[in-house]
Each structure stands twice: as C-alpha cells, then as structure tokens.
Amino acid sequence: MSNTQHPLYEDLISLTIGTLMVALGLHFFKETGLITGGTAGLALLLAKLTSFSFGQLFFAINLPFFVLAQIRMGSNFTLRTFICVSLVSLSTDYMGRVLAFEFIDPIFSAGMGGFLIGTGMLILIRHHSSLGGVNILALYLQDRFNLRAGNVQMALDLLILTASFFIVSWEILLLSIFGAITLNVVIAFNHKKGRYNAVA
C-alpha cells in the first residue's frame, strides 16, 4: 500500500486541473454528439432526451454513489469526490461560454476527449478523489478484489455504451466506444494498485 501524501495546496490545484480537463473532454464529446461510459454517459444520454442540462443530470445521478463512497472509501474521499463532481457539473455546463468550436472532426473529438477525460480522472484518483458513480465502484473493486480499476471501468462503460444503441446512430456509437477505450487506456496503463492509494 502506498503512503503517498500530498500537501493541501497540491491537492487543491490538482483537483482543479483534473476537473477542468474532464470538463474540456466532455465539451469535445458534447460538441460532436458523442456518448461516454459511466454516470457521465448516462447524463449525456438523458440530456438528449430531457430538458435538463448535463451538469444537473450528472450531479443528480451521482447522489446515490456518495453513500457507497462514504461507507467503503471514507469521509475524506467522499468529500473530495463531492467537490469534484460539483465542479465538473458546473464547468461542463458553462464551458460553452468560454470555448466554441467552428469545426471539430468527430474522430479527433473521440480520441482527444477520451485522453483529456482519462488524464483528468487519473489526476483525481492520484489525489484521493474520483468522479463518482462507476469510478467509485471500480476503485472499490480494485482495493477489495485487486481488480485493475481501468479494466473494470472499461467493461462497465462498454455495457453502458451498448445500451445507447437505440438512442444514437451507429456511427456515433462506434466513435463513442473509441472515445471510451482511449479514456480507459490512460487509466489502465497508468493506475496500478500499490502506486497510489485511493483513500487518504
């Protein structure tokens, strides 16, 4: 088990950077109509079907998972995750006010968006936080059963993406799967048990 600790100022700066990277990656996905896995994917899907914004849905969907985080991961992890989920919800909804694309290739969007979200999530994990939902479950299964978080999340994300088959076109679905793979490759290749501990 790693004893890696970070000063509070490093945590605050890193969590801010991580959430902004995730929000930027999600902005890429939103601009090209792509879907991703986890609670973010569910929020993107529901945003297409309802009048609620991504941020509102993302925050609401994550509420039950804060209970699991508190029970399994502790108060420190839960508080940090609550803050990160809140920041991503707000940042993603307001990203369009500070950044607009005249053109963005969907393939580039899937790859770059996935890399940005994956790197942002990796930063959050290494500073004892997460984006809630599936991420919490994946981290718990890694700590409890030694299953790699990236592999667990990739499997669950693909299940969620498959469920979107009846909502988006097959072209968008394929690009979304590509984006989910790039996202999870970042985590699977860079986050291994023993390097960093998910709970402070």
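The first residue of the sequence shown is numbered 1, and numbering continues consecutively from there.
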Please say which of Leu42, Thr50, Leu45 ends up in a side-chain contact (heavy atoms from CB on, under 4.5 Å) with Leu57.
->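 Passing option: Thr50.
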
Which heavy atom of [X] sits nearest a heavy atom of [Y], and at what distance?
X	Y	answer
Cys84	Leu15	SG-CD2, 3.9 Å
Ala188	Asn151	CB-OD1, 4.0 Å
Ser75	Gln70	OG-NE2, 3.0 Å
Ser91	Leu20	OG-CD2, 3.9 Å
Leu124	Gly18	CD2-CA, 4.0 Å
Leu44	Lys30	CD2-CG, 3.5 Å

Quick one: which of Arg126, His128, Arg80 gives a side chain to side chain donor-acceptor pair (under 3.5 Å) with Asp11?
->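 Going through Arg126, His128, Arg80 one by one, the side chain to side chain donor-acceptor pair (under 3.5 Å) with Asp11 is satisfied by Arg80 alone.
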
Verify the cluster assignment for [X] and [Y]: are they in a single hydrophobic cluster under the rule of side-chain heavy atoms below 4.5 Å apart?
X	Y	answer
Leu49	Ile61	yes
Leu183	Val186	no
Ile104	Leu24	yes
Phe58	Ile167	yes
Leu174	Met112	no

Report yes or no: do Ser89 and Gln56 form a side-chain donor-acceptor pair below 3.5 Å?
->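 Side-chain D/A pair, Ser89 to Gln56: absent.
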
At what distance, to the nearest 0.5 angstrom, does [atom1] of [X] lie from [atom2] of [Y]?
X	Y	atom1	atom2	result
Thr182	Ile177	OG1	CD1	12.0 Å
His127	Leu8	NE2	CG	11.5 Å
Phe29	Thr36	CZ	OG1	5.0 Å

Taking [Y]'s backbone N and O only, do any of them form a donor-acceptor pair with [X]'s side chain (distance below 3.5 Å, no angle check)?
X	Y	result
Thr78	Ala69	yes
Thr92	Val88	yes
Thr19	Thr16	yes

Can you tell me if OH on Tyr94 sees more than 12 non-hydrogen neighbours from other groups inside 6.0 Å?
->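 It does not: Tyr94 OH has 12 such atoms or fewer within range.
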
Any chance you could lay out the side-chain contact (heavy atoms from CB on, under 4.5 Å) test for Thr81 and Ser130, step after step, and finish with the verdict?
-> CA-CA 5 Å; Thr81 296; Ser130 78; 3.3 Å; yes

Answer yes if the ring centres of Phe82 and Phe59 are under 6.0 angstrom apart, and no otherwise.
->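 Yes, ring centres under 6.0 Å apart.
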
Decide side-chain contact (heavy atoms from CB on, under 4.5 Å) for Glu31 and Ser109; before the verdict, give the C-alpha distance in whole Å, the side-chain angles of both, and the deciding distance to 0.1 Å.
-> CA-CA 8 Å; Glu31 287 293 297; Ser109 176; 6.0 Å; no

